[in-house]
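Remarks on the structure that follows.
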Amino acid sequence: MTIKLYNTLTRKKEVIKPISGDSVSMYVCGPTVYGHPHIGNARAAIVPDILYRLLRSKYGSVKYIRNITDVDDKIIKASKEEGISIDKITSKYTKVYNDNMADLGNLKPTHEPKVTDTISKIISTIEKIIKNGNAYVIDSHVLFDTDSFNNYGDLSGKKLEEMLDGVRIDNAAYKKSSRDFILWKPSEDNTPGWESPWGKGRPGWHIECTSMIKDILGDDTTLDIHGGGNDLIFPHHENEIAQGSCISREKYCNHWFHNGIVLVDKRKMSKSLGNVILLNQLFKNNDKATIRVALLSAHYRQPLNWTSRTLDNALNLVNKIRGSINPEINSDEQVQTEIKEILSDDINTPLAFKYLSDLTKSAKKNVKDSAILLQSCSFLGLDFQTQLKRMEPSKLLTVKIENLIQKRNELRNTGRYEEADAIRKELIAIGVTLKDNNGQTEWELDPNS
RNA sequence: GGCUAAGUGGCAGAGUGGUAAUGCAGCGGCCUGCAAAGCCGUCAACGCCGGUUCGAUUCCGACCUUAGCCUCCA
């Protein structure tokens, strides 16, 4: 199996070729922890999760790094607004994020560094960039000198002159060029800060990712894969490349991938539009596998337009799969080659769902296909086996339901259909669906009830 | 204004240099007391205009439209 992935840097699909044989490294920009995660955060975790599963099935060693940004002006603002200390905000929302991502079926990354644990590395990284002549210190700020790096703009396809035209905000007085970005900025007494050669301050946003990568891999190691949301290409990743390329002669990163954004009714989620969909809201009325399917239903590079029907469509597939898995199967045999092949072509999840949908037809009759279906779902992070077990109702409930069904069938047999339908309604109300087939009444419990 | 992507049936969404998966919805049928589920069948689409080609939806160019980025953002 060769894993092909679109590379934003070259704008082509390319085979992933790790620098060192059987081990591969991947870094993904994680969340800033100041609020409840939304479906956009979820997509940005689920997409790399699928890639991680592929990588780990092929390579002996995979480093999967996802950071936690726990120093940021938005956090400071949230702390003031909520009247809670910064530590409490960040620890609370770090936990919420990790719990939510696990709930959605994501594997834990191998490394989850926090900015606050990486300050000394950030400072030494900045010192190195200054020493190499790519940054300057002014008024307790450290700024990256974009003019000193001549590949600036390669990732986003922007030209230096054009960038200056588009600047809408006033150029801060201390900047040599409006493109220059902050590596370190001063903190007042009431904002978090650390002692540094440039006074008490805190890191800028972009430098943290680069420092964490270098902290884990070493300054002179090229990162194999770097991912994140589409909206991070510029300026965040552009700036990372600039900094990272000034630390070492080795290339900063070979393969860049970006997932498309989640739109809600064709608009980007934003607080001002009031259309942000939070995971904790969705969790109230939807099961997690359905949400995961919904977020994987579009190809990862396409924008995903979230509408009222998105979850319904996902639920249809989920129900279809659940209904076709033979609960008797218990196969540990690894039969996931086809799903891996499909996914290894640029993470083609919509095609994977077509494959699953095809499998549901044969899975009912064929135990082996049922096992393949279950394992293919499991490879995608959809755990239906455990769910099937959980769906078994208690003895007491079973007896109650079966008594009602018997009563209903007696009524049906004597033609008293109105009374029989009343019982069916009663059962539907508690989440039981009836299916009358060949004189037998089958029933099942809605997994969400 | 610039940059990046995208425009496929009613909706969602793959894919391909030789006319196009799949899901939902629709329609017809089987089944059912009626449903539900399932099964079978069926209708229906490649933004627009040029170019390359025996042939383009697929490649190239222009145009139109949409989204994202250019300011915090997954």
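Throughout, protein chains are lettered first and strands after them, A, B, ... in sequence-line order, and every chain is numbered starting at 1. Hydrogens, waters and symmetry mates are skipped; everything else that's a heavy atom, side chains included, is used.
Using a cut-off of 4.0 Å between Lys/Arg side-chain N and Asp/Glu carboxylate O, A:Asp287 and A:Arg322 are scored as salt-bridged. Ion pairing between A:Asp345 and A:Lys13 holds under the 4.0 Å rule for side-chain N and carboxylate O. Between A:Arg202 and A:Asp73, at least one side-chain N (NZ, or NE/NH1/NH2) sits under 4.0 Å from a carboxylate O, which counts as a salt bridge.
Residue A:Asn316 is in sugar-phosphate contact alone, with no base atom involved, counting any heavy-atom pair closer than 4.0 Å across all strands shown. Counting any heavy atom pair closer than 4.0 Å across all strands shown, A:Asp312 reaches no nucleic acid atom. Among the protein residues, A:Ser297 comes within range of the sugar-phosphate backbone only, with heavy atoms under 4.0 Å from sugar or phosphate atoms but none that close to a base. Contacts of A:Gly40 with the nucleic acid, taken as non-hydrogen atoms under 4.0 Å apart, include base atoms. Residue-level contact check: A:Val28 touches neither bases nor backbone, having no heavy atom under 4.0 Å from any strand. At the heavy-atom level, A:Tyr97 lies nowhere under 4.0 Å from the strands shown. A:Lys74 comes within 4.0 angstrom of the backbone, heavy atoms only, and of no base.
Summarising the geometry, the separation between CG on A:Leu263 and C1' on B:C69 is reported as 13 Å, rounded to the nearest angstrom. Note: OH (A:Tyr355) to C1' (B:G23) measures 18 Å, nearest angstrom. Separating the CZ atom of A:Arg179 from the C1' atom of B:C3 is a distance of 15 Å, rounded to the nearest angstrom. In this structure, A:His299 atom NE2 and B:A67 atom P are separated by 22 Å, rounded to whole Å. What separates CG of A:Leu356 from C1' of B:G13 is a distance of 15 Å, to the nearest Å. The CG-P distance, from A:Leu434 to B:U32, rounds to 17 Å in whole Å. A:Arg412 places its CZ atom 7 Å from the C1' atom of B:G33, with the value rounded to the nearest Å. The CH2 atom of A:Trp256 sits 16 Å away from the P atom of B:A5 (whole-angstrom rounding).
For A:Leu232, the listed nucleotide lying nearest its side chain is B:A74; candidates were B:G2, B:A74, B:C72. Distances from the side chain of A:Asn259 to the nucleotides B:A74, B:G23, B:G10 place B:A74 closest. The side chain of A:Tyr417 sits closest to B:G33 out of B:A74, B:G33, B:G15. For A:Pro350, taking side-chain heavy atoms from C-beta onward, the closest of the listed nucleotides B:G33, B:A21, B:A14 is B:A14. The side chain of A:Asn305 lies closest to B:A12, out of B:A12, B:C70, B:C39. When the nucleotides B:A25, B:G13, B:A36 are ranked by their closest atom to the side chain of A:Ala298, B:G13 comes out on top. Comparing B:A74, B:G23, B:C69 against the side chain of A:Asn313 picks out B:G23 as the nearest. Out of B:G2, B:G23, B:A67, the shortest distance to the side chain of A:Lys320 is found at B:G23. For A:Asp231, the side-chain atoms get nearest to B:G68 when compared with the rest of B:G68, B:A35, B:C24. Checking B:A74, B:U22, B:A14 against the side-chain heavy atoms of A:Gln302 singles out B:A14 as nearest.
For A:His237 and A:Trp256, the distance between ring centers is under 6.0 angstrom. Between A:His206 and A:Phe181, a ring centre-to-centre spacing shorter than 6.0 Å is recorded.
Atom name P, nucleotides B:G55 and B:G23: the rounded distance is 36 Å, in whole Å. Nucleotides B:C3 and B:G38, compared at atom P, are 50 Å apart to the nearest Å. With both ends at atom C1', the span from B:G13 to B:A20 equals 13 Å, rounded to whole Å. If you take atom C1' in B:A44 and the same atom in B:C11, they sit 13 Å apart, rounded to whole Å. Taking the C1' atom of each, B:G9 and B:C24 are spaced 13 Å apart, rounded to whole Å. Nucleotides B:C49 and B:C72, compared at atom C1', are 41 Å apart to the nearest Å. One P atom belongs to B:U57, the other to B:G17, and the distance between them is 13 Å to the nearest Å. B:C46 and B:A14 are spaced 13 Å apart, taking the C1' atom of each and rounding to whole Å.
Comparing A:Cys29 and A:Lys354 along RNA chain B, the residue whose closest nucleotide (by nearest heavy atom) sits nearer the 5' end is A:Lys354. Of the two residues contacting RNA chain B, namely A:Leu304 and A:Arg408, the nearest-nucleotide position lying further toward the 5' end is that of A:Leu304.
Pairing of B:C69, defined by two Watson-Crick or G-U wobble distances under 3.5 Å, is identified with B:G2. In this structure B:U42 sits in a base pair with B:G26, meeting the Watson-Crick or G-U test at under 3.5 Å. Base-pair partner of B:A14: not found among the strands shown (Watson-Crick or G-U wobble, both distances under 3.5 Å). B:U19 is unpaired under the Watson-Crick or G-U wobble criterion, no partner having all donor-acceptor distances under 3.5 Å. Nucleotide B:G7 is matched to B:C64 when pairs are restricted to Watson-Crick or G-U wobble geometry with both distances under 3.5 angstrom. Under the Watson-Crick or G-U wobble criterion, with both distances below 3.5 Å, B:C48 is left unpaired in every strand shown.
Contact between A:Asp346 and A:His299 at its shortest, heavy atoms only, is O-CE1, 2.8 Å.
Phosphate contact (OP1/OP2 of B:A74, side-chain N/O of A:Lys268, threshold under 4.0 Å): absent. Put simply, A:Thr32 has a side-chain N or O that comes within less than 4.0 Å of OP1 or OP2 on B:A74. Phosphate contact (OP1/OP2 of B:U22, side-chain N/O of A:Lys361, threshold under 4.0 Å): absent. Taking side-chain N and O atoms only, A:Arg301 has no distance below 4.0 Å to OP1 or OP2 of B:A5. Between A:Tyr34 and B:C72 there is no side-chain polar atom (N or O) within less than 4.0 angstrom of OP1 or OP2.
If you check distances only, the side chain of A:Asn437 never reaches the base of B:C31 with a donor-acceptor pair under 3.5 Å. For B:A35, the base has a donor-acceptor partner in the side chain of A:Arg424 [N/O atoms by modelled type, under 3.5 angstrom].
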Full working for salt bridge (charged side-chain N to carboxylate O under 4.0 Å, His left out) between A:Asp369 and A:Lys361: CA-CA 9 Å; A:Asp369 282 350; A:Lys361 285 173 190 155; over 6 Å; no

Residue pair A:Glu410, A:Lys407: steps toward the salt bridge (charged side-chain N to carboxylate O under 4.0 Å, His left out) verdict: CA-CA 5 Å; A:Glu410 283 164 14; A:Lys407 197 170 158 193; over 6 Å; no

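By the 6.0 Å and 45° rule, A:Arg56 stacks over the aromatic ring of A:Tyr52. By the 6.0 Å and 45° rule, A:Lys77 does not stack over the aromatic ring of A:Tyr34.
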